[in-house]
Every structure is written in structure tokens, then in C-alpha cells.
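No hydrogens, no waters, no symmetry mates; every other heavy atom, side chains included, goes into these values. Just so it is clear, the structure is predicted and the values come from calculations on it, not from any experiment. In the text below, chain A, chain B and the rest are named by the order of the sequence lines, each starting its count at 1.
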Protein chains: 2
Amino acid sequence: MARGFVTAEEVAKKAGVSRSAVSRTFTPGGSVSKAVRRKVLKAAQELGYRVNRLAQGLNNDRSNLIGVVGANLSSPFISKQLDLLSIGLLRRGLQCLLLNAADARKDIAPLIELLFEFRAQAIVVLSGEPPASIVDECIANGVRLILINQRLDRTDTNMVLSDDSHGADLAAMRLVAAKCRKVAVVSSGSQTPAQLRRAGAFTQRMTVEGIEVVPWSGGPTSYDSGYQAGRELLADKSIDGAFCVTDLLALGFMDAARLEMGRRVPEDISIVGFDDIPQAGWKSYQLTTVAQSFDALTEKVLTALDSDEPETRLQVVPVSMVERITAR
Amino acid sequence: MARGFVTAEEVAKKAGVSRSAVSRTFTPGGSVSKAVRRKVLKAAQELGYRVNRLAQGLNNDRSNLIGVVGANLSSPFISKQLDLLSIGLLRRGLQCLLLNAADARKDIAPLIELLFEFRAQAIVVLSGEPPASIVDECIANGVRLILINQRLDRTDTNMVLSDDSHGADLAAMRLVAAKCRKVAVVSSGSQTPAQLRRAGAFTQRMTVEGIEVVPWSGGPTSYDSGYQAGRELLADKSIDGAFCVTDLLALGFMDAARLEMGRRVPEDISIVGFDDIPQAGWKSYQLTTVAQSFDALTEKVLTALDSDEPETRLQVVPVSMVERITAR
DNA sequence: GTGAAAGCGCTAACAT
DNA sequence: ATGTTAGCGCTTTCAC
């Protein structure tokens, strides 16, 4: 109790009107006469009144809060996503309640539980896979759930994801075009569904093409893991191509290749990444990579927020090859 | 109205107890008998009840919401900060209401206004300078305001910042030790207070040392701006040192120097950055830089959240030189 | 157009 | 330890 904020009651008193007149003044469709509105606005101004959204939400069951849960918020990919998303939400008059899962492997159920308590209108999951029970609860409670780059085997929730398998295919074909004979496919140890899809589709395609694939995975999704992969894999002199399922891995791999393992890129080895994070375009790297469209992804999430068309439940966003200089 | 969520009333009915018994069961210090508690918990479980934090907050004036406003959420520095902060808040049982200012130059007043409406308990500003009127309002309304890397000329609000001038000094001394004769100091066009302090302190020190300083500033705080700076400045063959007030700028500058302007680093030119973002440690760069302690910064912010010691209002966090290979 | 009154879901002071 | 009662600040019928 006893806080500094001014209430509508006080404003009403000062303006000499009823408490509901004040409410109406601040409600978009409220019917108030010019005269009253002016008086109210004046009093509110002088008192420094601002509506209490908590009370407002309690009343009409619209908290205006959108829960966002994600891990590794400082990774280039996630942070870019969060950046765009938070801008888009704000633009739509929605607030972003951010919950950091800290670690993608962690169970995000308790976080979503927390979002329920805040009566979030919708929940956007940037990373981590919610258990089926939580998905059910979302539906039961009328909370829209939107999963990014996550493909659950159900049709009753919103999923927005990049076309991983097609992307992996593009990467495969690019390495085929580079005339690679033996390629590495590197992913992190935290086998996220997206990474698994990419590695799987790539391997499958390469097998069809009759090209030998050497899989590697380990560590978190980071530059260091990629570097480590490079050190270990490139002891094998015959590897002349690599698909890293994430740009961060690719950048680390590339540095290991050039700086420690004495390979020239792309002369000795062709490298293709996935994501197209800003760093992939830096002059020291100029990584050839499969680009996810951050804008399109965000756009789809935003529209999924209000539209309830069942047919737009699963949105696959196209990817594209960004040709730079790391593949022959 | 008409939402799926279960209320305490329904739980009470099902458990055959009063509505307050339910409330007490879910309140840490509530005095309830084992028996009642069990009944309540059981009913709550079956019904899928969860407290409504909005209502809870409305009651005891503790929204549990901490407003966080920042711009350029995808930049390495800010995103790292946000990552740590959001983890810390969650750990303390606080929720993070994120507002993206999109652009550091934008006025953040309306965003803070919005946070008032949500009755945020405290507001953390990662970037952007709040106008004095807003600061006053925070104080008037009992909302703690914490500014990061922002030094306002007042003693009634919390500021947590890295020791920019000492850091700039370290950078200067490092370039002196590298025997530079003519050094560039590059900052972005969005002259943030922190950047101004760094550039200012650096220039001052160099002037004392009798070393010529060539200032450059332009563009946003980005890799590209740094690159641009490199291209323009290094037409001057006599520049043999550079202090970039931000790592992102330094990385771009370095690439321009090596890859386009034919300079060897550090043989021909010594480069020192500021921040110590993850990319500064990447093998292709290995930037010598002044490190801000993200952990210490976050730690101070977190403690500033609850402690109200006036003497801890201005917290200056020490910085340190990270010696890598870009300075002779 | 405006005010009175009820109610959103919860907590806390007051009895018992 | 438990139930009753009175709010928290707001929106929304419902009369007028």
C-alpha cells in the first residue's frame, strides 16, 4: 500500500466528476463530453495520473503482456530475433515479458507457468521445447503459444520455422558444386531439433550424392565449439568441405582451419554455414551461408499473435543461399 | 472476461474451505494447518489453479515487474548485458518487462511512462538518457531508477557505470608503450555520454603525453562504422595507433586496416578497443582491449534494486586491460 | 452524457 | 487456524 501513484478517484475529485467519467476519458471508445474530458485531462495532467494497467487487465482480462522465453540471449541469432520481436510487439501496443531460460536444455515449463500467473495473452518460445502438458494448458487457458524453429508433432499450436531441410539441401548442393569429396557436418552437443533437421537433411542428401560425410557434434552452440570441431576434424587431411549447422560454429571452425590447421579457405576447404548472423558478413570471414530471414520470421510470429486461422498454424519461412567467399 | 483461468474462489469451493484459506496456502508466510493446506493444494492441482499476479500486485502494490529499456538489443554489448540481467532478475523472483527503444537516440520518456502504467517497481535503463522530468517522476512515485553507463548530474538516482576515464587512460598508456606517434580515436556518430567520456579522457591523456590525436566519429555504433573509419583515416600513412571506443568499432577498423588498407597489426598499427565483447577474443582478431566487467555491472544493478543506501547511488565498476595481440 | 453500483481476483485486518 | 469483511484501481452495466 501507500505508494506514490495517483488514482482515478483522486482525479475525479479534483475534476469534480465521477470516477467513471475519468475511466471513460481514458478508454478509447468512451463516451464523454468535450467539456468533461477536458476537465479530466487537466486534472490528470496536474496530478500526474496514469492508468494502472494491472487493474485494467484484471478487469477486462487483457493483460497486454506477451511472454517471451528464450535461452542464450546474447547469442547473435537469438538476440537479433529478440530485438526485432520486441520492437514489433511494442509497435502493436503489446508488452514483452522476458523470461531467460539461461540454458536451452533447461526445462522451460516453470517459466511458462510463471507467465500463466501473469496472465500473459500469448507466449513466444525462442528456444527450448515445452512439454506436451504445457501446450495443452495453453490451449485450455486460451493462451496462444508460438514456437520458433521448433516443430512439434501437433496441429493445435503455432509454429514458425525456417525451412531447415531445404536450407541443408542448398548447403549440400553448394558443396557438391565445390567438388568436395569428403565433408564434415558439425553441430553442437545440445542437439536442438533445428540442428538435427539440418544435419539430417544434409547427410541424407550427401549420401544420395555419394559423398562421404563425417559428423561431429559437441559443446554448446558457440564459436569455441566450432573451433574445437575444426581442430579435431582437420587432423584428417582428406576433408575438403564442411557444413556447420550454425554460423557461430562455422566461424570458429573457419578460424581453426585457417589459423591453426593451416588450411586455406576456400582453396583447401569449402565451408558453408547457416543463419547469416551479422558476423558472417564481416570482412575477415565473408562466410557463404544459408540465410534465415529474421524479418520474415518475426513478421510471421507477429501475425500469428492475432490471427486464429487454423491453416496458418505451421508457417515455414523460406531460406536462401548467401554466396560469399568460403565455398569454391 | 470469460477466460479459462481458475480462480481462488473455485478452488475454495472445491476444497470446502474459505477463499482466504486458499490465499494463505499460496502465501509464503501464511498460517494454515497441514490438513487444509493439503486439501487446497489438491483442489488447486486438479483444477489447474495458479495465482493471478496481476490481482496480487494490485493488492499489495508490488507488481514484481522490473522495467528494462534498451536500444540495439542485438549488439553484442547490450545483449550480453540483457542476458545477465534477465537471469539475475529471474533468480530474485522478479520479472523483466522489456521495452525496446529501437534506437538509442530516440526519446525513452514514453517508454518509461508505459512502465509507470504497469507499476514497475524499478526501471533499468541500458541505453538512452531519460529527461530530468522523468527522473523526478520516478522519485516522486517511488520507482527506483537505475542507469547503466550513464552519468547524470544528480545524486538522487542510481547509476552503475564502468570507469570509462580510467579505461581510456589505460588505453592511452598502452599506445604510449607501443611507441605510437600519431593515433586515431574513433567513436560513433551517436555520441553517447560513455563514448564521449572515453574519447575525451583518451585525448586529454595523449595531449599530455605530447602525442598527436586524430579524432574520427560517424555512423551508428557498428562494425561498419569502424570499417569506414579505417578506410578514411588510414589514407594518412603516418597514423600508427588507434583507440576505438567500442570493440565493435575496433573490429571493423582492424579489418579495414589489414584487409583493405594494407596495414599489418600490430607491426604497422596498434589497435586498442573497449568493452571486451566475445568477438574480441575470436582468433581472427585477438583484440587488445579494455574490459568492462559484465558480471560486476550486473551485480551492482541487482544490488541497487533492493538496497537504498544513498552512498551507493553512484557505483563505478573498475575496468581492466586485456592484453591480446593488436598492440605492439 | 453521466453517476451509482457491482465486480475483476486477490490480500490483509479483524474477529472468532 | 480459520472465516468474514473490506478494500486494491479499474471497467462496465444500469439507470437516469
Student: Are any protein N/O atoms closer than 3.5 Å to N/O atoms in nucleotides 13-16 of chain D? If there are, list each pair with its distance.
Tutor:
none

Student: Tell me which pairs pass ring pair (Phe, Tyr, Trp, His ring centres under 6.0 Å) where either residue lies in residues 64-104 of chain B, with sequence neighbours left out.
Tutor: B:F77-B:F294
Student: Show me, pair by pair, the donor-acceptor contacts under 3.5 angstrom made by side chains of residues 30-41 of chain A, not counting sequence neighbours?
Tutor:
from: A:S33; atom 1: OG; to: A:V36; atom 2: N; distance (Å): 3.3
from: A:R37; atom 1: NH2; to: A:T25; atom 2: O; distance (Å): 3.1

Student: Mind calculating the distance between CG (A:D61) and P (C:dG7) to the nearest angstrom?
Tutor: 17 Å
Student: Among D:dT11, D:dC8, D:dT2, find the nucleotide with the atom closest to the side chain of A:T27.
Tutor: D:dT11
Student: Considering only NZ, NE, NH1 and NH2 on the basic side and carboxylate oxygens on the acidic side, decide whether B:R50 and A:E117 come within less than 4.0 Å.
Tutor: no
Student: For the pair A:D295 and A:K80, find out whether any cationic side-chain nitrogen is under 4.0 Å from an anionic carboxylate oxygen.
Tutor: no
Student: Is there a side-chain contact between A:S18 and the phosphate of C:dG3, meaning an N or O under 4.0 Å from OP1 or OP2?
Tutor: yes
Student: For A:F116 and C:dG9, give me the distance from atom CZ to atom C1', rounded to whole Å.
Tutor: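 Spelled out: CZ on A:F116 to C1' on C:dG9 is 18 Å.
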Student: Quick one: B:K13 NZ to D:dG3 P, roughly how many Å, whole number?
Tutor: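 It is 14 Å, rounded to the nearest whole Å.
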Student: Atom CZ of A:F5 to atom P of D:dC10: distance rounded to whole Å?
Tutor: 11 Å
Student: Does a side-chain N or O from A:S23 land closer than 4.0 Å to OP1 or OP2 of D:dT11, or not?
Tutor: yes
Student: What's the CD-P distance between B:E117 and D:dT11, to the nearest Å?
Tutor: 11 Å
Student: Could you check whether B:D164 pairs with B:R151 (Lys NZ or Arg NE/NH1/NH2 to Asp/Glu carboxylate O, under 4.0 Å)?
Tutor: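 Here B:D164 does not pair with B:R151 in a salt bridge, since their nearest N and O are not under 4.0 Å apart.
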Student: Return the set of residues passing salt bridge (Lys or Arg N to Asp or Glu O under 4.0 Å) with A:K14 (not counting sequence neighbours), or none when no residue passes.
Tutor: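 For A:K14 the salt bridge (Lys or Arg N to Asp or Glu O under 4.0 Å) partners, ignoring immediate neighbours, are A:E46.
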Student: Figure out the CZ/P separation between A:R19 and C:dC8, and round it to whole Å.
Tutor: 16 Å
Student: According to the ring pair (Phe, Tyr, Trp, His ring centres under 6.0 Å) rule, which pairs have a member within residues 23-54 of chain A, sequence neighbours left out?
Tutor: A:F26-A:Y49
Student: Select base, sugar-phosphate, or nothing to describe what A:S31 touches, counting heavy atoms under 4.0 Å on all strands.
Tutor: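 Contact class for A:S31: base.
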Student: Test of understanding: with side chain to side chain donor-acceptor pair (under 3.5 Å), list the residues that count as partners of A:E10, not counting sequence neighbours.
Tutor: none
Student: By side chain to side chain donor-acceptor pair (under 3.5 Å), which residues pair with B:N72, not counting sequence neighbours?
Tutor: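 By the side chain to side chain donor-acceptor pair (under 3.5 Å) rule, B:N72 matches no residue at all.
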Student: Expressed in angstrom and rounded to an integer, what is the separation of B:E9 atom CD from C:dC8 atom P?
Tutor: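 From B:E9 CD to C:dC8 P: 9 Å.
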Student: Not counting sequence neighbours, which residues clear side chain to side chain donor-acceptor pair (under 3.5 Å) with B:Q81? List them please.
Tutor: none
Student: Start at the 5' end of DNA chain D and walk down; is the nucleotide closest to A:A8 or to B:A21 reached first?
Tutor: B:A21
Student: Where the side chain of A:S33 is concerned, which of C:dT2, C:dC8, C:dG9 is the nearest nucleotide?
Tutor: C:dT2
Student: Relative to the 5' end of DNA chain D, which residue comes earlier, B:L58 or B:K34, by the nucleotide with the nearest heavy atom?
Tutor: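 The residue whose closest nucleotide sits nearer the 5' end is B:K34.
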Student: Assign B:V17 to base, sugar-phosphate, or nothing according to its heavy-atom contacts below 4.0 angstrom with the strands shown.
Tutor: sugar-phosphate
Student: So for the helix from C:dG1-D:dC16 to C:dT16-D:dA1, with five pairs setting each end axis, what is the inter-axis angle to 10°?
Tutor: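 The value is 40°.
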Student: Please list all pairs meeting ring pair (Phe, Tyr, Trp, His ring centres under 6.0 Å) that have one or both residues in residues 88-107 of chain A, counting only residues at least two apart or in different chains.
Tutor: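 Ring pair (Phe, Tyr, Trp, His ring centres under 6.0 Å) check on residues 88-107 of chain A returns no pairs.
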Student: Under 4.0 Å, heavy atom to any atom of DNA chain C: which of residues 43-57 of chain A qualify?
Tutor: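 Output list: empty, so none.
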Student: What is the distance from CG of A:N64 to P of D:dC10, rounded to the nearest Å?
Tutor: 15 Å
Student: What pairs of donor and acceptor atoms, side-chain ones from residues 101-112 of chain B against any protein atom, are under 3.5 angstrom apart with sequence neighbours left out?
Tutor:
from: B:D103; atom 1: OD1; to: B:R105; atom 2: N; distance (Å): 3.2
from: B:D107; atom 1: OD1; to: B:A109; atom 2: N; distance (Å): 3.2

Student: Please work out if B:V36 contacts a base, only the sugar-phosphate, or nothing of the nucleic acid, heavy-atom cut-off 4.0 Å.
Tutor: sugar-phosphate
